Amino acid sequence: QTSVTAGTLFQDTRMPLRLWFRAMWYVTNQKQGVNGVGLQRALGLGSYHTAWSWLHKLRRAMVRPGRDRLAGTVEVDEVYWGGEKPGKRGRGAAGKALIVVAAQEDGPRIGRIRLRRVPDASARSLGAAIREAIEPGSTVRTDPWHSYEGLPALGYRHRVARKEAAVGENLLPLVNRVVALLKRWLLGTHQGAVRGSHLDYYLDEFTFRFNRR
């Protein structure tokens, strides 16, 4: 004996599928997303934990297996996410999550994006993230961080947008716009209450929403 829900995100659920479909409709139709408390209230669920776990299951379902990689001209940079901590700032900061942001150029607009958390800003970590997100042969525009110097050996055309660290013109505008929207979403919809162990799920949801805006 088997069930039609076996192997799906509905497996072993005790809730009616009609309620699950209401949850999916509600989550995807909220422009700024929804947190666990909001979903609990909208569906009339008795448990916050149920709403929270449903959201994480839906976020995992937002990643399409075998999705197309970005192509053309793509801006790439990193951003740190985490609370204020004393010590070193910028690349190498301790106690924060490092996120690689890739934004595809679509004329004056931002095309599709990819977000991925990496352990550090080494050439190995950044190269793996770029290979996963961007089609070889594309043009990758970055700042002059030395870990990007090996991109031509990986099959990419590498363009350095900023030769020095002087304050002035924003030379990576697409990535910086995505980062600003991401931080506003995490701090607004989720009040910044995003644990590092669950950050990947939130990045998946933001990518899903941005690419289908």
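Just so you know, these numbers come straight off a predicted model, no measurement behind them. Position 1 is the first residue of the sequence; numbering continues from there.
Contact annotation: the side chain of Leu181 never approaches that of Val178 to less than 4.5 Å [non-hydrogen atoms, C-beta and beyond]. In this structure, Arg116 and Val101 have side chains that are not in contact, with every pair of non-hydrogen atoms separated by 4.5 Å or more.
You'll find the ring centres of His198 and Trp52 inside the 6.0 Å limit.
Hydrophobic clustering, with ILVMFWY side chains joined whenever heavy atoms are under 4.5 angstrom apart, keeps Leu186 apart from Val27. Linking ILVMFWY side-chain heavy atoms closer than 4.5 Å, directly or via other members, places Val37 and Leu55 in two distinct hydrophobic clusters.
Of the possible polar contacts, one joining the Asn35 side chain to the Gly38 backbone as a donor-acceptor pair under 3.5 Å is found. Side-chain N or O atoms of Arg157 include one that pairs as donor or acceptor with a backbone N or O of Gly137 at under 3.5 Å. Put simply, the side chain of Gln11 gets close to the backbone of Gly7: a donor and an acceptor are under 3.5 Å apart. Formation of a donor-acceptor pair under 3.5 Å by the Asn211 side chain with backbone atoms of Ile113 is found in this model. Judged purely by atom type and a 3.5 angstrom limit, Trp145 uses its side chain to pair as donor or acceptor with the backbone of Ala121. Panel note: side chain Ser53, backbone Thr50; a donor-acceptor pair is recorded below 3.5 Å. Proximity of a side-chain donor or acceptor of Tyr156 to a complementary backbone N or O of Ile134 within less than 3.5 Å is detected. Of the possible donor and acceptor atoms, one in the side chain of Trp185 sits under 3.5 Å from a partner among the backbone N and O of Gln32.
Taking the six-membered ring for Trp and thresholds of 30 and 60 degrees, Trp20 and Trp54 have nearly parallel ring planes, at less than 30 degrees apart.
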With a cut-off of 3.5 Å and sequence neighbours excluded, list every side-chain donor-acceptor pair involving residues 62-72.
| from | atom 1 | to | atom 2 | distance (Å) |
| --- | --- | --- | --- | --- |
| Arg69 | NE | Glu135 | OE1 | 3.4 |
| Arg69 | NH1 | Arg131 | O | 2.9 |
| Arg69 | NH2 | Glu135 | OE2 | 3.3 |

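Counting all heavy atoms, side chain and backbone alike, Ala103 lies closest to Leu174 at CB-CB, 3.9 Å.
Around the CZ atom of Phe206, the shell of radius 6.0 Å holds more than 12 heavy atoms that belong to other residues, nucleotides or ligands. Other residues, nucleotides and ligands contribute more than 12 heavy atoms inside 6.0 Å of the CZ atom of Arg60.
Both tests hold for Arg213 against Phe210: distance to the six-membered ring centre under 6.0 Å, angle to the ring axis within 45°. For Arg59 and Phe208, the positive end is not near the middle of the six-membered ring at less than 6.0 Å and at most 45° from its axis.
Residues passing the side chain to side chain donor-acceptor pair (under 3.5 Å) test with Thr5 are Ser3, sequence neighbours excluded. The salt bridge (Lys or Arg N to Asp or Glu O under 4.0 Å) search around Arg141 returns Glu75, Glu105, not counting sequence neighbours.
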